[in-house]
Peer 1: 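Structure provided below as structure tokens; questions to follow.
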Amino acid sequence: MPEKAFTDGLARAMSLENSELARNTPSLNYSGYQHGQFWDMRKDDLEGQSSDVISNKEEMHGDLNIILAKINQDKNYQAAFKKIYHSQKTEVWQLQNVLASYIRSLAKFNSGFDEYMRGNKSAMTENQKLGFNLFVGKAQCAICHFVPLFNGTVPPNFKKTEQEILGVAVNAENRTFDNDLGRGKFHETVPSLQHSFKTPTLRNIHKTAPYMHNGGYKTLKEVMNFYNKGGGKAFGFKVENQTLSDAPLQLTNKEIENIIEFMKALNDQ
Ligand code: HEC
């Protein structure tokens, strides 16, 4: 749903047979700016992302070759592809590439934050500015959600995207640890990747509730409470290698409100 930054508003996505999938649908906006797709980063780029979802039995249960055959029967499509790739016949990689190119275009950089950085001093409110200063200061958010993409893609070279271990719970009661191995599922012998997840962008975050890889947190206030206490370890979970500091942030309610208010400045127009 474009108005929800291309998420679905559900805690976890529904399969074709209407059963719940394992994870929350991530936003497509700015996903071209991360080296690692899906919460567990199992594909390096958007070309791999589309083929994974299209062939996944629970998601689209399709076949790129069948789609390609249809495209090759359509003169308009054929002409359009030829114009881009100059080849006689359309090939599967071209189909993946046009889909990925569309997704890459979903990054407008026209939020209040961007406008402010371009010099429009009225594009952010006073509270949003206070919130930004907390975000990069006392609240330590920018240690992982790097400015200016607010995801795990590391400046200044933007050549890699990081995953982190927070110790997220099944829901905001923070009583039960979520056992999802995340990236660890593909690297069983690497302790530092168990239960790790891609650091997602916070751009448009006000439009994409519920939150976290499991959609277990309904509001940004619930997310802030989790961080303020010190993540999973602080709730008594045995989280090996938690990369989030478990020291309480000691943010006041007003400070939390300002950080949430700042994140509104990350909504695209
Ligand atoms: C140690 C790295 C780290 C720090 C520090 C950190 N985050 Fe995160 N953040 C992540 C990761 C990784 C996720 C995804 C976790 C998951 O779903 O299991 C995440 C998820 C989120 C989400 C939910 C995103 C979504 O699409 O559902 C929000 C909101 C968020 N962080 C805001 C913040 C704020 C605000 C701060 C500062 C108070 C902060 N983060 C500090 C790494 C970090």
Side-chain angles (χ1 to χ4, degrees), residues 23-24 26 34-36 39-41 113 128-158 160-185 187 190-203 205 208 210-263 265-266:
R23 301 200 183 122
N24 177 259
Q34 54 198 22
H35 305 282
W39 285 102
D40 53 27
M41 305 169 92
F113 169 79
Q128 289 176 335
K129 287 183 226 169
L130 289 172
F132 175 75
N133 286 333
L134 289 161
F135 187 94
V136 297
K138 182 178 173 186
Q140 301 173 20
C141 316
I143 289 178
C144 301
H145 298 273
F146 302 109
V147 183
L149 294 167
F150 298 93
N151 63 11
T153 305
V154 193
N157 297 323
F158 304 101
K160 66 167 191 173
T161 301
E162 294 182 340
Q163 72 288 318
E164 303 288 344
I165 303 170
L166 307 186
V168 167
V170 294
N171 60 38
E173 285 176 20
N174 294 308
R175 291 217 189 104
T176 314
F177 177 56
D178 184 322
N179 273 321
D180 191 329
L181 291 176
R183 206 172 168 204
K185 194 178 155 198
H187 304 271
V190 187
S192 63
L193 289 178
Q194 304 310 307
H195 307 288
S196 71
F197 293 89
K198 176 185 73 190
T199 305
T201 185
L202 301 180
R203 287 178 173 269
I205 196 74
T208 68
Y211 301 107
M212 301 299 196
H213 69 268
N214 55 13
Y217 296 70
K218 292 195 178 73
T219 62
L220 289 172
K221 200 134 193 220
E222 290 180 353
V223 173
M224 286 308 298
N225 176 50
F226 172 82
Y227 281 121
N228 202 23
K229 296 270 163 52
K233 263 188 168 171
F235 293 103
F237 305 151
K238 281 205 183 61
V239 195
E240 312 282 341
N241 307 305
Q242 180 171 310
T243 55
L244 175 73
S245 161
D246 59 352
L249 295 171
Q250 293 179 318
L251 298 168
T252 64
N253 283 337
K254 185 70 201 154
E255 288 173 327
I256 287 178
E257 273 171 34
N258 283 342
I259 293 172
I260 293 177
E261 202 47 38
F262 157 65
M263 288 191 273
L266 298 177

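Everything numeric here is computed off the predicted structure, so don't read it as measured data.
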Peer 1: List the atom of Q128, the atom of F262, and the distance in Å for their closest heavy-atom pair.
Peer 2: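 Scanning both residues completely, I find the closest heavy atoms to be O-CB, 3.5 Å.
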Peer 1: Would you call the rings of F135 and F132 parallel, tilted or perpendicular, taking 30° and 60° as the class edges?
Peer 2: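 The rings of F135 and F132 lie parallel, inter-plane angle below 30°.
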Peer 1: Keeping the roles fixed (side chain from D40, backbone from F197), state whether a donor-acceptor pair exists under 3.5 Å.
Peer 2: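 Judged by distance alone, no pair lies under 3.5 Å.
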Peer 1: Quick one: does any side-chain atom of D178 pair with a main-chain N or O of V168 as donor and acceptor, under 3.5 Å?
Peer 2: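 No: the side chain of D178 does not pair with the backbone of V168.
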Peer 1: With no hydrogens and no angle check, is any side-chain donor or acceptor of H35 less than 3.5 Å from a backbone partner on F158?
Peer 2: yes
Peer 1: What is the ring orientation for F237 with F177, classed by angle as parallel under 30°, tilted 30 to 60°, or perpendicular over 60°?
Peer 2: tilted
Peer 1: Could you check whether any side-chain N or O of S196 sits under 3.5 Å from a backbone N or O of I165, counting only pairs where one atom can act as donor and the other as acceptor?
Peer 2: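 No: the side chain of S196 does not pair with the backbone of I165.
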Peer 1: Would you check if K138 and E255 make a side-chain contact, meaning some heavy-atom pair closer than 4.5 Å?
Peer 2: yes
Peer 1: Is a side-chain donor or acceptor of Q194 paired with a backbone partner of V190 at a separation under 3.5 angstrom?
Peer 2: yes
Peer 1: Quick check: does any side chain N or O of E261 sit under 3.5 Å from a backbone N or O of L130, one acting as donor and the other as acceptor?
Peer 2: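 Not a single qualifying donor-acceptor pair exists.
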Peer 1: I'd like to know if the side chain of Y227 and the backbone of L249 have a donor-acceptor N/O pair within less than 3.5 Å.
Peer 2: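 It does not hold such a pair.
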Peer 1: Counting distance only, does the side-chain N/O of W39 pair as donor-acceptor with the main-chain N or O of N214 below 3.5 Å?
Peer 2: no
Peer 1: Is there side-chain contact between F146 and T199, with heavy atoms separated by less than 4.5 Å?
Peer 2: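 No. Closest side-chain heavy atoms not under 4.5 Å.
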Peer 1: Mark yes or no for whether N174, through its side chain, and A172, through its backbone, hold a donor-acceptor pair below 3.5 Å.
Peer 2: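 Pair found, side chain donor or acceptor close to backbone of A172.
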Peer 1: Around atom NZ of K221, are there more than 12 heavy atoms from other residues, nucleotides or ligands closer than 6.0 Å?
Peer 2: no
